[in-house]
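Here the structure is laid out as structure tokens; the discussion comes afterwards.
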Protein chains: 2
Amino acid sequence: MRIGDVAERAGVSTRALRYYEEQGLLPAERTSSGQRVYDEAAVERVQLIQQLYAAGLASRLIVDLLPCVDAGVASDEAMALLTRERDRITDSIAELEKARAQLDRVIEISLNPDAEHCPALRTGAERPLERVGATS
Amino acid sequence: MRIGDVAERAGVSTRALRYYEEQGLLPAERTSSGQRVYDEAAVERVQLIQQLYAAGLASRLIVDLLPCVDAGVASDEAMALLTRERDRITDSIAELEKARAQLDRVIEISLNPDAEHCPALRTGAERPLERVGATS
DNA sequence: CTTGCCCTTGACGTCAACGTGAGGTTCTAG
DNA sequence: CTAGAACCTCACGTTGACGTCAAGGGCAAG
């Protein structure tokens with residue numbers, strides 16, 4: 001496969017693939033004329049890289065960790081990295097869930113503007129219902 | 001409160017607070033000499049901003065959404081934004097969980113190198129207690 | 001009054017993951 | 001054989017959320 005094929009199948013730009021190679025994330029064979037040649041596994045690898053990027057891992061870190069992911073084995077140092085990043089991801093998920101809850105709260109109140117958790121509707125009014133949930 | 005107090009209590013830099021004001025995220029009163037003055041709610045607001053940042057919302061978007069969060073009411077356009085971002089966050093969480101699963105897999109295999117999901121240990125040998133590499 | 005800390009407004013620096021030409025080469029279809 | 005699509009290597013531009021340095025102003029204590 002050439003770079004355009006991989007790009008299309010993995011859903012990234014050719015520029016990204018060249019960047020990955022530059023960073024040592026995605027080695028490529030070359031034809032005699034210098035064009036990059038990839039095997040089928042490249043597509044999957046690109047998707048893995050994207051996943052780790054999305055998880056907030058810097059490319060430098062991915063460079064260190066990809067061999068472990070490939071081999072399924074990690075040195076002590078790599079293990080420390082792995083667990084640290086795993087925990088960081090867990091924390092990130094918690095943060096995202098909190099943020100989503102904030103948005104959900106606004107969505108919910110806005111769709112349901114009769115509730116008492118809406119201070120904008122309670123300015124000087126009495127409570128139309130009994131308590132629904134926890135106090136704010 | 002002055003800017004340094006808010007920064008310390010919210011766990012951000014004073015530079016960040018000035019940046020938030022510049023972006024219209026965190027208005028501040030001024031003393032006659034021009035120094036910024038914040039009320040108690042500023043700390044909580046900063047933490048909310050940080051949460052939305054962590055969730056991947058751009059500051060421009062937060063500027064649009066904060067009034068809704070404050071008022072608990074959203075226009076149709078804002079509702080579209082809210083639900084779109086909520087869904088995007090949900091997708092992000094799923095991506096993070098996939099990435100974490102990848103790391104967990106490596107951690108698990110590396111801690112438990114006798115399993116059959118480890119291709120590096122099955123390349124022509126069945127030596128579960130032998131270490132990989134350095135075939136001396 | 002001076003010391004010292006906190007504050008002010010610029011304005012340039014940073015870092016990552018690419019985007020975007022420029023200018024040239026190679027592959028493929030007709 | 002020729003056009004044009006796809007590829008190559010530089011190399012500078014972009015974006016966001018600040019960091020950081022510079023040059024000065026404000027204010028309570030000693």
Side-chain angles (χ1 to χ4, degrees), chain A residues 1-39 42-43 45-66 85 88-89 92 95-96 99, chain B residues 1-39 42-43 45-66 85 88-89 92 95-96 99:
Chain A
M1 277 198 298
R2 293 192 304 172
I3 195 171
D5 305 321
V6 179
E8 187 180 3
R9 287 169 53 177
V12 301
S13 67
T14 59
R15 177 67 177 93
L17 297 181
R18 295 197 189 97
Y19 175 75
Y20 295 165
E21 187 186 33
E22 186 183 319
Q23 300 299 308
L25 288 171
L26 184 67
E29 303 296 316
R30 297 298 184 112
T31 67
S32 57
S33 65
Q35 299 206 349
R36 291 172 180 82
V37 176
Y38 300 87
D39 54 13
V43 175
R45 192 177 187 85
V46 169
Q47 287 164 349
L48 172 59
I49 293 171
Q50 290 272 307
Q51 231 168 63
L52 296 179
Y53 272 142
L57 279 76
S59 58
R60 183 58 193 278
L61 213 55
I62 302 181
V63 170
D64 295 344
L65 293 184
L66 267 187
E85 290 306 313
R88 203 187 47 69
I89 291 174
S92 294
E95 284 299 304
L96 284 182
Chain B
M1 277 197 299
R2 293 192 302 173
I3 195 171
D5 304 321
V6 179
E8 187 181 4
R9 287 171 54 179
V12 301
S13 67
T14 59
R15 177 69 178 92
L17 297 181
R18 294 196 188 97
Y19 176 75
Y20 295 166
E21 187 185 34
E22 186 182 320
Q23 299 300 308
L25 288 170
L26 184 66
E29 302 296 314
R30 297 300 182 110
T31 67
S32 57
S33 65
Q35 300 204 350
R36 290 173 181 82
V37 176
Y38 300 87
D39 54 13
V43 175
R45 191 178 189 84
V46 168
Q47 287 163 348
L48 172 59
I49 293 171
Q50 290 272 306
Q51 232 168 61
L52 296 178
Y53 272 140
L57 279 75
S59 58
R60 182 58 194 277
L61 214 55
I62 302 181
V63 170
D64 294 344
L65 292 184
L66 267 187
E85 290 305 314
R88 203 187 45 68
I89 292 174
S92 294
E95 285 299 305
L96 285 181

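Remember, predicted model here, so these are calculated numbers, not experimental data.
- Of the candidate nucleotides dC7(C), dC8(D), dT8(C), dC8(D) has the atom nearest to the side chain of Arg18(A).
- Atom CD in Glu22(A) sits roughly 14 Å away from atom P in dC12(D) (whole-Å rounding).
- Ile49(B) approaches Ile62(B) most closely through the heavy-atom pair O-CD1, 4.2 Å.
- Taking atom CD on Glu8(A) and atom P on dA5(D), their separation rounds to 16 Å, with Å as the unit.
- The distance from atom CG of Leu26(A) to atom C1' of dC18(C) is 15 Å, rounded to the nearest whole Å.
- Rounded to an integer number of Å, the gap from Ile3(B) CD1 to dC6(C) P is 13 Å.
- Glu21(B) pairs by the salt bridge (charged side-chain N to carboxylate O under 4.0 Å, His left out) definition with Arg30(B), Arg36(B), not counting sequence neighbours.
- Atom CZ of Arg2(B) and atom OH of Tyr38(B) lie 12.0 Å apart (nearest 0.5 Å).
- Residue pairs meeting the salt bridge (Lys or Arg N to Asp or Glu O under 4.0 Å) criterion with at least one member in residues 45-57 of chain B, sequence neighbours excluded: Arg45(B)-Asp70(B).
- Put simply, CD on Glu29(B) is 14 Å from P on dT8(C), counting in whole angstrom units.
- Of the listed nucleotides (dC27(C), dC27(D), dC7(C)), dC27(D) has the atom at the smallest distance from the side chain of Ser33(B).
- The CE atom of Met1(A) sits 18 Å away from the P atom of dC27(C) (whole-angstrom rounding).
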Exercise. Summarise how protein sits on nucleotides 14-25 of chain D as a single string, 5' to 3': B when a protein heavy atom is under 4.0 Å from the base, S for sugar-phosphate-only contact, - for no contact.
Key: ---BBBB-----

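- Under 4.0 angstrom from either OP1 or OP2 of dC7(D) there lies no side-chain N or O belonging to Arg36(A).
- With Arg9(A) contributing its side chain and Gly4(A) its backbone, the two residues share no donor-acceptor pair below 3.5 Å.
- Glu95(B) and Tyr53(A) are not linked by any side-chain donor-acceptor pair at a separation below 3.5 angstrom, with hydrogens and angles left out of the test.
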